[in-house]
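Note that the structure is a prediction, hence the values are computed from the model and not measured.
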Amino acid sequence: MRRYNVVHIVEDLKIGGIERIVATLSQYSNKDKFNIHVICLTKFGATGEELAKIGVSIEALGMGYHLTLPVLCKLFKKLKQKNTDIVHCHGYPGATVGRIAAILARIPIIIYHTHNTFEDYTKRMVVTEKLLNIFTDRILYCSNAALNSARQRYAVDSKKADVIYNGVNKLRINEMFDFVEVKREFNIPANTKVVGCIASLVLRKGQRYLIDAAKILRDSLPADKMPKIMLVGDGSSRGDLERQVERLNLRADVIFTGARMDVARLLEAMDVVVLSSNIREGLGICLIEAMAKGKPVIGTNVGGIPEVIKDGINGLIIPSEDSSKMAESIKIIIEDGALARKMGEAGRKIFEEKFTHEHMMGQIERIYDDLIKNKIGKKGRKEKISVALIVKNEEEHIRQCLESLYWADEIVVLDGFSTDRTLEIVRQYTDKIYQKKFEGFPREREYLLTKTANDWVFMVDADMVIQPPLIKEIEEEFSKSLQRYSACTFRFLNIYLGKEIRHCGWYDPNNPRLFDKRKGKYDTKMKYIDSFIPDGRVKVMRNDILHYGFKSINEHFARVNRYSELNAEDLNTKGIRINNFNIAYYFILKPILVFLYKYVYKKGFLDGIVGLILCLMAAITYRVSYFKLWELQKKKVL
């Protein structure tokens, strides 16, 4: 089955709510349907490093504080190289840069996943959102509050909007830890209550109001009833918060843990979890994690928090920036054990119903499937297409090639008795596999044509990738009538020694690969020259076929040795004879002319040093072919 390539783009993967959602999506997507890759615009961060350790495909582009053209170009190339089907962007920086690159790369499906509300967006940010949303296929909002906030700032296309609640991996969060050991780590007595707040230490998270609430509790509770306030996270406000603690003489009551990756372990020691956001809040993933642990929760009436907390059922909703009400709510829960247990149980039930990672993944993958069906799937082709491949020991490239052929009506493969894993991989995509002794490329291709069920055939090599823009163009053309054409020809975007080659004659649309087999043929007298000879008009397609050529000079020389022998036989079939009168022309002058043609006339010099090497290798190929032609004719005389 074809697997679609999904690239998640995010600013970084430090520690936070967005980061945990991206980590969940990258780890738990259906691997039978989707290949997942993560790109961080700046650097990994702790979450990114952890994902890399467990084998998630992830890389960082090293972008600074501002978008630069080199970073945009780098991201553009990454999306093209990965044959990306879906770009899934997260957060404003990731969605801005990611969507621009995806639009330029003509990625079929673009998704923007918002993880917050929009109250503090500037006019420039709102204008950017409006423009990029035009090119976005689906916008996922983490809460109804986030969707309503977007509607207040700019017009929202309801057809593109979906509310998908953040989900937490219950297997990970259900892991049990010794709460006494956790408390011991922070010098907290085993019978002392702990009030936790898990959030970045930034102004909009409102921890300063929780610290003020701690002061109220300190003044109103006996010393042995005073809970510890545990602030989990780090950020730009930490210094101000620490000074506030010092000023209020709460150093013994407030604990700063710093950024932590073991949130599930710390939650074990908490009796109630508070989210004190005062400016904006998308949903509050720390509340969901607390509910998964069976903990009662307290949150402000900001953003999506009231969609998580049912007031009086699994926790308490309080006014924003109201430290007195926060202190009162904390006191109610820590002093009433039965109420705390009841709220914790209700929270666990709500979590199971609405906020598991299975719920989130199921909704997102249904959106993927819907968009794939409508934007990538077949759209009423008038002609069915068979894809034909000749393979031998192609395990390095074959999977990438086959995955790019999901849209074809059938795939037929002729194997030259591979000795590696080629056939094992091919069988995952088709059962139409044939084997025979090699008799030259034209004969192999003609043989394949007899095995294809459809009149239109796309002759592909194992080191080629059919990219989404070309797939879309083929689907569009085949939704019309192509009766007036006998074949379609393409430019090959060759990757040679790691560089794209756009000159040297390698970028010319001169080889029909998609054709009506009833309207042409191969010249089976040849062994190397294997162009389909169309009988009628040829359509030149706009988009390229990506072709992974030689990765090293050694590989190229090995191919020269193999193909020059076949080429020599073709030259002999054509009636070219080497004798004393023309030997200088074929051995010396003809290779020089080939080099000049490719390097000067075909502008190979524009491809730099790699272009020079390629043109020289072309000249060498011709020279070796004529050497072998001379040798072949000499043997026949003897």
Side-chain angles (χ1 to χ4, degrees), residues 440-442 459 461 463-464 487-513 522-523 525-534 538 540-542 544-633:
F441 289 111
M459 197 65 71
D461 295 340
D463 52 4
M464 294 177 181
C488 301
T489 189
F490 309 83
R491 286 184 174 86
F492 283 31
L493 182 55
N494 288 278
I495 309 299
Y496 180 74
L497 303 184
K499 178 181 172 61
E500 292 181 358
I501 302 297
R502 296 185 180 272
H503 305 90
C504 308
W506 271 28
Y507 197 54
D508 297 341
N510 53 15
N511 191 345
R513 286 284 184 157
Y522 286 95
D523 185 352
K525 295 177 182 177
M526 300 292 120
K527 287 197 173 182
Y528 176 61
I529 300 172
D530 65 341
S531 290
F532 181 78
I533 306 168
V538 175
V540 178
M541 304 294 271
R542 298 186 309 275
D544 309 331
I545 293 177
L546 186 61
H547 182 219
Y548 289 95
F550 308 109
K551 293 188 300 183
S552 68
I553 302 240
N554 277 343
E555 184 182 348
H556 196 165
F557 269 115
R559 200 76 64 89
V560 166
N561 187 49
R562 179 188 173 197
Y563 289 166
S564 60
E565 188 170 327
L566 296 174
N567 195 31
E569 293 188 40
D570 286 353
L571 292 170
N572 188 60
T573 300
K574 287 180 176 181
I576 295 176
R577 298 290 179 264
I578 304 294
N579 55 50
N580 293 335
F581 299 101
N582 62 19
I583 194 169
Y585 171 75
Y586 285 118
F587 283 11
I588 301 173
L589 184 58
K590 184 65 180 288
I592 293 174
L593 292 175
V594 167
F595 170 78
L596 293 174
Y597 173 77
K598 291 182 173 291
Y599 192 69
V600 179
Y601 183 73
K602 286 297 183 179
K603 301 178 182 178
F605 61 88
L606 293 177
D607 287 316
I609 294 176
V610 174
L612 175 62
I613 293 171
L614 180 56
C615 294
L616 287 170
M617 290 297 289
I620 290 169
T621 302
Y622 269 84
R623 178 166 289 168
V624 173
S625 295
Y626 287 115
F627 286 171
K628 291 188 176 182
L629 174 61
W630 173 83
E631 183 181 44
L632 176 65
Q633 292 172 353

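Here Y586 and W630 keep their ring centres 6.0 angstrom or further from each other. Residues Y522 and F532 place their aromatic rings such that the two centres sit under 6.0 Å apart. Under the 6.0 Å cut-off for aromatic ring centres, Y563 and F441 qualify, their centroids lying closer than that.
K525 places no side-chain N or O within donor-acceptor distance of the main-chain N or O of K574, the cut-off being under 3.5 Å. At least one donor-acceptor pair closer than 3.5 Å links the side chain of R623 to the backbone N or O of F587. Side chain of Q633 to main chain of I578: a donor-acceptor pair is present (N/O by atom type, distance under 3.5 Å, no hydrogens or angles). Here the side chain of N494 pairs a donor or acceptor atom with the backbone of W506 at under 3.5 angstrom. Put simply, the side chain of N579 gets close to the backbone of N582: a donor and an acceptor are under 3.5 Å apart.
If you check the side chains of K628 and N561, you find a donor sitting under 3.5 Å from an acceptor.
Between atom CG of residue L596 and atom OH of residue Y599 there is a gap of 10.5 Å, rounded to the nearest 0.5 Å.
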Distance-only criterion, 3.5 Å: show the donor-acceptor pairs between side-chain atoms of residues 607-617 and protein atoms not counting sequence neighbours.
{"from": "D607", "atom 1": "OD1", "to": "R502", "atom 2": "N", "distance (Å)": "3.4"}
{"from": "D607", "atom 1": "OD1", "to": "H503", "atom 2": "ND1", "distance (Å)": "3.2"}
{"from": "D607", "atom 1": "OD2", "to": "H503", "atom 2": "N", "distance (Å)": "3.1"}
{"from": "D607", "atom 1": "OD2", "to": "H503", "atom 2": "ND1", "distance (Å)": "3.4"}

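The aromatic rings of Y622 and Y626 are tilted relative to each other, their planes meeting at an angle between 30° and 60°.
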